[in-house]
Amino acid sequence: MEKKIGRIFKGDKVIWMVFFFLCMISIVEVFSASSGLTYKSQNYIGPIVYHAGTIIVGVVVAIVTLNIPCRYFKLMTPFLMLISLITLLWVLLAGTKVGDAGRWINLFGFTFQPSEIAKGTVVLIVAQILAAMQREGGADRNAFKWIMRITIPACFLIGLENLSTAALLFMVVLIMMFIGLVPIKQLGKLIGIIALAGVFAVSMVMMVGHDAAEENNELTKVEQTDQPKKEKSAIEKMFHRADTWKSRIKKFGRPKPSPQDYDLDKDAQVAHANIAIVSSGIIGKGPGKSTERDFLSQAFSDFIYAIIIEELGLLGAAAVAFLYIILLYRCARIASRCENNFPAFLAMGLGLLLVIQAVFNMMVAVGLAPVTGQPLPLISKGGTSTIINCAYIGAILSVSRSAKMRKEENIG
């Protein structure tokens, strides 16, 4: 029996354990945090059955992916590039909108985010470039140029609808280049350019974006004077999310009000996340006993870490964070055992992709970063993101299998 289980769950056992614990935490906490969904659907068990089913599909995807030899990932690159390009353009032109963001595509009744596929594709390509252009003293100088030719267009297309995802992906690529020994001068220049571009981008957002209050005043004036509504410019149409970005920047930069002055209507998500954290204590209220889940609109997704803190306390929150640290550490260990550069860079890139997003989600939940809409990988409720994150885990496990086999061959 143990041999049969071992044949299915191959690869690094520690990563399998981390994956298992994250999935179990996800099922418990999403079930607890989905009170809003159960109220809307009038189906108490429906949302968690759907989420548990998604996780089961994700586990199957992980098992299938880990059985693909690492060298075959290279053959998939052209197809993934084509799919990423088509779907990213598709979502910009005819994406399904939720709120003011058109990040989703409906296909045959299934909804998915192209950015999730594009992220892994970029990491896959960067790993191949770094591996192919390694020299004795580090990466060839041309590696930087090729990586930028892939990363910048991808991040631009992603960033038009999902700026935070584009920024996190660029950060992952930057760290991968540092690990891949891309010349420090090139990285230094890039960081300087990013700083200048960041200042320019924030300036443009503040210029193009409009506050809700300003918009209401303008509408009132138009109604009073019977003037036609002003047509949006091409730039405003392209950067239609500038209003949201401006609002988030201003909210994050604004001095924190005292508790009695907090506006629960204006800053509901942040306010109720803070209440959940403050009321948690060391051991929390216990699984399923959250009260703030009824007031947080994205309790099962963007702010699930706040619910975890409220129910499991500071100890539980630290344990969840530690699971991601273990995941990144094991990816580094797997990479160090690889004889070839490509699988090593791939394992590190995918590990960074998962862990950096997790850290950012946690920072948003505790108020250390502006609200962006990033889910907590492998824990938050999701369809595409959950399944694709499971595929990333499967790819890391595939690398761990090949690294372990080579190690055993060398010992033999």
Write down the atom of [X], the atom of [Y], and the distance for their closest heavy-atom approach.
| X | Y | answer |
| --- | --- | --- |
| Ala276 | Ala306 | CB-O, 3.8 Å |
| Gly394 | Thr65 | C-CG2, 3.7 Å |
| Leu66 | Ile63 | CG-O, 3.3 Å |
| Ile307 | Glu292 | CD1-C, 4.3 Å |
| Ser398 | Phe73 | OG-CE1, 3.8 Å |

Any heavy-atom pair between the side chains of [Y] and [X] that's under 4.5 Å?
| X | Y | answer |
| --- | --- | --- |
| Asp302 | Val364 | no |
| Leu187 | Met177 | yes |
| Leu190 | Met148 | yes |
| Leu174 | Ile191 | yes |
| Leu352 | Ile179 | yes |
| Met81 | Ile150 | yes |

### Task
Could you check Leu124 against Phe342 for side-chain contact (heavy atoms from CB on, under 4.5 Å), going step by step and ending with a plain yes or no?
CA-CA 9 Å; Leu124 180 61; Phe342 167 65; 3.6 Å; yes
### Stepwise side-chain hydrogen bond (donor to acceptor under 3.5 Å, both in side chains) test for Asn162 and Ser164
CA-CA 6 Å; Asn162 199 338; Ser164 59; 3.3 Å; yes
Keeping to residues at least two apart or across chains, list the salt bridge (Lys or Arg N to Asp or Glu O under 4.0 Å) pairs with something in [range].
| range | result |
| --- | --- |
| residues 73-88 | none |
| residues 118-130 | Glu116-Lys119 |
| residues 133-148 | Arg135-Asp140 |

### Summary of side chain to side chain donor-acceptor pair (under 3.5 Å) pairs that have at least one residue in residues 187-198, sequence neighbours excluded
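For residues 187-198, and leaving out neighbouring residues, there are no side chain to side chain donor-acceptor pair (under 3.5 Å) pairs at all.
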### Query
So which pairs with a foot in residues 310-328 pass side chain to side chain donor-acceptor pair (under 3.5 Å), sequence neighbours left out?
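Checked against side chain to side chain donor-acceptor pair (under 3.5 Å) - neighbours excluded - the pairs reaching residues 310-328 are Ser32-Glu311, Lys285-Glu310, Ser290-Glu310, Thr291-Glu310.
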### Test log, rule side-chain contact (heavy atoms from CB on, under 4.5 Å), inputs Leu130 and Asn341
CA-CA 8 Å; Leu130 288 172; Asn341 289 318; over 6 Å; no
Test of understanding: with side-chain hydrogen bond (donor to acceptor under 3.5 Å, both in side chains), list the residues that count as partners of [X], not counting sequence neighbours.
| X | value |
| --- | --- |
| Thr386 | none |
| Gln134 | none |
| Asp12 | Arg330 |

Straight-line distance of [X] [atom1] to [Y] [atom2], nearest 0.5 Å:
| X | Y | atom1 | atom2 | value |
| --- | --- | --- | --- | --- |
| Arg333 | Leu328 | CZ | CG | 13.5 Å |
| Ile68 | Leu397 | CD1 | CG | 12.0 Å |
| Ile55 | Asn389 | CD1 | CG | 11.0 Å |

### Query
For atom CD1 of Ile282, is the number of surrounding heavy atoms from other residues, nucleotides or ligands below 6.0 Å larger than 12?
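Not more than 12 within 6.0 Å, no.
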### Task
For atom CH2 of Trp16, decide whether the heavy atoms of other residues, nucleotides or ligands shown that lie under 6.0 angstrom number more than 12.
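Yes, the 6.0 Å shell around CH2 holds more than 12 heavy atoms from other groups.
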### Task
Could you walk me through whether Tyr305 and Asn361 pass the side-chain contact (heavy atoms from CB on, under 4.5 Å) test, one step at a time?
CA-CA 8 Å; Tyr305 193 62; Asn361 174 279; 3.8 Å; yes
Of all residues at least two apart in sequence or in a different chain, which pass the side-chain contact (heavy atoms from CB on, under 4.5 Å) check with [X]?
| X | result |
| --- | --- |
| Ala154 | Val122 |
| Ala332 | Met348 |
| Pro69 | Arg71, Tyr72 |

### Query
So Ser385 and Gln113, side-chain hydrogen bond (donor to acceptor under 3.5 Å, both in side chains) or not? Walk me through it.
CA-CA 8 Å; Ser385 59; Gln113 293 186 57; 5.4 Å; no
Expected list for residues 17-29: side-chain donor-acceptor pairs under 3.5 angstrom, two or more places apart:
residue: Ser26; atom: OG; partner: His51; partner atom: NE2; Å: 2.6
residue: Ser26; atom: OG; partner: Ile379; partner atom: O; Å: 2.6

### Steps toward side-chain contact (heavy atoms from CB on, under 4.5 Å) verdict (Phe170, Ile152)
CA-CA 8 Å; Phe170 204 94; Ile152 290 175; 4.3 Å; yes
